[in-house]
Amino acid sequence: MTHSVRLLTREDAAGVHALHARCFPPDEAWSAWSFRDTLALPTTIGLATEAGERLSGMILAQNTPPDADILTMCVDPDYRRAGLATDLLNGLVRLLGPYGVNRLCLDVAADNGAATAFYESSGFLADGRRRNYYERSDGTQVDAVLMSRSIAGQANESEA
């Protein structure tokens, strides 16, 4: 199945929430309200992949040059391992280039091995840690690993 990539708008909040809820435990999924408000901010850039009428992946970033922060990213479990996360990340890099963004930052739960491996394979390096940043529904706390990668000069390269 072909997946197209498109910009997200505030009107996508319910669909993005439904996708996020399929990808994260209930205590970690964002509400539709949170997505609506975040998508309404002029500094937010969001992309989605679609399979037919259904969102199959999404990425949200806060554009604050010279950096941008990935706020959240997910791919529907039914569509994982098909390159959608890479498509979303590359699309984001292309969009951020004209804004003068030189570095892409994020934090990821230290116990999320799949996400950490993806980001490392995409050129991100760990450059910090926030102790006990995430709290799980059972009360356990998990560190956040801070990661970043340079994207300076890559916007045009990724189009080649």
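Keep in mind that the numbers below use all heavy atoms, side chains included, and drop hydrogens, waters and symmetry copies. This structure is a prediction, so every number in the text was calculated from the model and none was measured.
From Arg36, atom CZ reaches atom CH2 of Trp30 across 13.5 Å, with rounding to the nearest 0.5 Å. Here CE of Met73 is found 4.0 Å from CZ of Phe118. Values are rounded to the nearest 0.5 Å. To the nearest 0.5 angstrom, Leu146 atom CG is 12.5 Å from Leu125 atom CG. With values rounded to the nearest 0.5 angstrom, Leu71 atom CG is found 11.0 Å from Ser34 atom OG. Here the CZ-OH distance, from Arg22 to Tyr79, works out to 8.5 Å after rounding to the nearest 0.5 Å. The CD atom of Glu28 sits 8.0 Å away from the OG atom of Ser137 when rounded to the nearest 0.5 Å.
A salt bridge between Arg6 and Asp12 is present, with a side-chain N of the basic residue lying under 4.0 Å from a carboxylate O of the acidic one. Checked for salt-bridge contact, Arg130 and Asp143 miss the test: no charged N lies under 4.0 Å from a carboxylate O.
When all heavy atoms of Leu95 and Pro98 are compared, the closest pair comes out as O-CD, 3.4 Å. Here the closest non-hydrogen pair linking Ala115 and Val108 is CB-CG2, 3.7 Å. For Leu47 against Leu92, the heavy-atom pair with the smallest separation is CD1-N, 3.4 Å. Minimum interatomic distance between Leu55 and Ala48 (heavy atoms only, all atoms of both residues): CD2-CB, 3.7 Å. For the residue pair Thr9 and Leu39, the shortest heavy atom distance occurs at O-CD1, 3.2 Å. Closest non-hydrogen pair, Ala109 versus Arg136, comes out as CB-NH2, 3.4 Å.
Both Val5 and Ile70 are part of a single hydrophobic cluster, where members link through side-chain heavy atoms under 4.5 Å apart. Leu19 and Ile59 sit in two unconnected hydrophobic clusters of ILVMFWY residues. Membership requires side-chain heavy atoms under 4.5 Å apart, directly or through other members. Hydrophobic clustering (ILVMFWY, side-chain heavy atoms < 4.5 Å, transitive): Leu7 and Phe35 are in distinct clusters.
The environment of Phe24 atom CZ is dense: over 12 non-hydrogen atoms of other residues, nucleotides or ligands sit within 6.0 angstrom.
Thr44 and Thr38 are not linked by any side-chain donor-acceptor pair at a separation below 3.5 angstrom, with hydrogens and angles left out of the test. If you check the side chains of Gln62 and Thr64, you find no donor sitting under 3.5 Å from an acceptor. Remark: the Asn112 side chain and the Tyr119 side chain contain no N/O donor-acceptor pair separated by less than 3.5 Å. A donor atom on one side chain and an acceptor atom on the other are found under 3.5 Å apart for Thr72 and His20. There is a side-chain donor-acceptor pair under 3.5 Å between Ser148 and Asp127.
Contact annotation: the side chain of Val16 approaches that of Leu8 to within less than 4.5 Å [non-hydrogen atoms, C-beta and beyond]. No side-chain heavy atom of Asp107 sits under 4.5 Å from any side-chain heavy atom of Val145. In this structure, the side chains of Arg10 and Asp37 come closer than 4.5 Å at one or more pairs of heavy atoms. Proximity of Ile45 to Leu96: side-chain heavy atoms (C-beta onward) are separated by under 4.5 Å at one or more points. In this structure the side chain of Asp67 never reaches within 4.5 angstrom of the side chain of Pro65, judged on heavy atoms.
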Give the C-alpha distance, both sets of side-chain angles, the deciding distance and a yes or no for side-chain contact (heavy atoms from CB on, under 4.5 Å) between Gln141 and Tyr133.
CA-CA 7 Å; Gln141 294 183 314; Tyr133 185 74; over 6 Å; no

Could you walk me through whether Met147 and Ser122 pass the side-chain contact (heavy atoms from CB on, under 4.5 Å) test, one step at a time?
CA-CA 11 Å; Met147 302 182 85; Ser122 299; over 6 Å; no

Decide side-chain contact (heavy atoms from CB on, under 4.5 Å) for Arg149 and Leu106; before the verdict, give the C-alpha distance in whole Å, the side-chain angles of both, and the deciding distance to 0.1 Å.
CA-CA 9 Å; Arg149 73 169 250 205; Leu106 60 93; over 6 Å; no

Could you please spell out the steps behind the side-chain contact (heavy atoms from CB on, under 4.5 Å) verdict for Leu89 and Leu104?
CA-CA 10 Å; Leu89 186 58; Leu104 194 52; 3.7 Å; yes

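Here the rule is side chain to side chain contact (heavy atoms under 4.5 Å, CB included) with Ser56, and of Thr49, Val75, Leu88 only Thr49 fits it.
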